[in-house]
Amino acid sequence: MYKLAIIDFDGTLCSTHEAARHVIGLTFSDNGQPVPPADAIDRLISSGVVVEEVFATLLGLPSGHQQCLDWGVRYREIYNSGEGLARSVLFPGVREGLQKLDAAGCRKIVLSNKGIVALEQALVHFGLHDQFEMILGDRPGFVRKPEPGSYSDVVAPRFPAITPAQTLMVGDTVTDIRFARNIGAAVAWARYGFGDREACQALAPDLTLDSFAEVARFAA
């Protein structure tokens with residue numbers, strides 16, 4: 001049914017919830033601030049917002065505040081030092097699902113709001129880097145999901161023969177579902193991931209996955 005799979009990373013391919021929670025806590029401690037309650041951190045991770053927005057909410061500061069931007073930089077420094085990757089693990093069925101997509105002739109890319117350095121580091125670590133035709137992550141000038149710019153400006157020109165109707169977004173949060181809606185693609189919600197179940201279900205995803213391996217059923 002679909003010729004291109006746009007695949008999220010955190011909460012879809014890789015279980016990184018513990019890693020994000022741990023490094024957020026280290027960032028607070030590094031800045032001499034008490035670590036917020038775990039449930040408050042978990043709710044924000046489940047929403048799919050970028051880490052600068054996580055800090056804005058936890059610190060009670062407006063979006064884009066310089067302190068949040070600075071803390072975002074420090075978060076990535078800590079995460080990329082090995083603290084994040086040490087607490088990350090692939091979800092069951094990921095390798096099987098990717099192999100089945102290949103067998104079905106479905107092309108695939110990774111599109112994540114995760115920092116590009118951490119994203120590529122993780123994909124290399126898990127031996128997945130060469131599985132994808134494109135790897136898109138947060139960097140200067142990157143248009144984050146759910147805004148459609150990364151698709152219209154980068155993805156669509158790379159795959160001119162594949163329409164949005166032939167494209168499947170695979171992700172676990174409301175951010176991924178809204179991104180799919182914004183580009184006119186179908187969305188497979190990774191229910192096994194970190195997204196808020198009630199919020200994701202309310203957006204009526206086209207497909208629901210209980211394992212990444214199931215995604216191959218909908219490939220070309």
Side-chain angles (χ1 to χ4, degrees), residues 5-27 30 41 44-59 61-88 90 108-126 128-129 131-158 169-183 185 187 190 193-195:
I6 301 177
I7 305 171
D8 176 52
F9 184 78
D10 294 318
T12 302
L13 293 176
C14 192
S15 178
T16 56
H17 195 111
E18 180 186 350
R21 184 197 304 121
H22 174 72
V23 178
I24 288 169
L26 290 180
T27 306
D30 191 65
I41 296 174
L44 290 165
I45 294 172
S46 296
S47 71
V49 298
V50 295
V51 71
E52 288 81 3
E53 295 300 322
V54 171
F55 290 131
T57 300
L58 293 174
L59 293 168
L61 295 172
S63 178
H65 191 282
Q66 187 60 49
Q67 182 176 343
C68 302
L69 301 179
D70 292 342
W71 280 37
V73 171
R74 184 58 184 145
Y75 169 92
R76 291 182 174 89
E77 289 174 348
I78 297 171
Y79 195 105
N80 295 343
S81 72
E83 292 285 351
L85 195 55
R87 292 162 180 81
S88 302
L90 290 183
K108 54 195 190 304
I109 70 170
V110 170
L111 175 58
S112 172
N113 285 347
K114 190 182 193 73
I116 188 63
V117 173
L119 178 60
E120 293 196 330
Q121 183 184 65
L123 289 170
V124 169
H125 174 78
F126 291 113
L128 299 180
H129 193 276
Q131 292 272 338
F132 304 98
E133 293 187 48
M134 296 182 73
I135 297 169
L136 300 176
D138 194 23
R139 66 177 81 198
F142 178 75
V143 181
R144 296 166 174 166
K145 298 176 293 184
E147 296 303 315
S150 59
Y151 176 79
S152 58
D153 297 343
V154 183
V155 179
R158 176 71 174 269
M169 176 68 209
V170 187
D172 67 310
T173 69
V174 294
T175 297
D176 299 304
I177 299 173
R178 288 173 176 153
F179 175 76
R181 299 289 183 247
N182 287 340
I183 68 173
V187 59
F194 308 138

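What you are looking at is a predicted structure, and each value in this text was computed from that prediction instead of being measured.
- In this structure the side chain of Ser88 reaches within 4.5 angstrom of the side chain of Tyr79, judged on heavy atoms.
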Going by atom type alone, with no hydrogens or angles, which donor-acceptor pairs under 3.5 Å involve a side-chain atom of residues 66-73 and a protein atom two or more places apart or on another chain?
{"from": "Gln66", "atom 1": "NE2", "to": "Asp70", "atom 2": "OD1", "distance (Å)": "2.8"}
{"from": "Trp71", "atom 1": "NE1", "to": "Asn31", "atom 2": "OD1", "distance (Å)": "3.3"}

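- Side-chain contact, Thr27 with Asp30: no donor N or O sits under 3.5 Å from an acceptor N or O.
- Of all non-hydrogen atoms in Ser112 and Leu119, the two that sit nearest each other are CB-CD2, 4.1 Å.
- Taking CE of Met134 as the reference point, atom CD1 of Ile7 lies at 13.5 Å (rounded to 0.5 Å).
- Atoms CZ and CD1, from Arg76 and Ile78 in turn, are 12.0 Å apart once rounded to the nearest 0.5 Å.
- Comment: Asp138 does not engage Lys145 in a salt bridge, judged by the lack of any side-chain N to carboxylate O separation of less than 4.0 angstrom.
- With rounding to the nearest 0.5 Å, the separation of OG1 in Thr12 from CD1 in Ile6 is 12.5 Å.
- A salt bridge links Glu52 with Arg144: the distance from a Lys NZ or Arg NE/NH1/NH2 to an Asp or Glu carboxylate oxygen falls below 4.0 Å.
- Within the 4.5 Å cutoff, no side-chain heavy atoms of Leu44 are placed close to those of Val51.
- Annotation: the span from Phe55 atom CZ to Ile24 atom CD1 amounts to 5.5 Å, rounded to 0.5 Å.
- Remark: the backbone N or O of Asp176 is not paired with any side-chain donor or acceptor of Arg181 at under 3.5 angstrom.
- Residue pairs satisfying the salt bridge (Lys or Arg N to Asp or Glu O under 4.0 Å) criterion with at least one member in residues 10-20, sequence neighbours excluded, are listed as follows: Asp10-Lys114.
- Note that NZ of Lys108 and CD of Gln131 are 5.0 Å apart. Values are rounded to the nearest 0.5 Å.
- Atom OH of Tyr75 sits about 9.0 Å away from atom CG of Asn80, to the nearest 0.5 Å.
- Counting only heavy atoms from C-beta outward, the side chains of Phe179 and Asp8 never approach each other to under 4.5 Å.
- A donor-acceptor contact shorter than 3.5 Å links the side chain of Ser46 to the backbone of Phe194.
- Between the side chain of Asn182 and the main chain of Pro146, a donor-acceptor pair closer than 3.5 Å is present.
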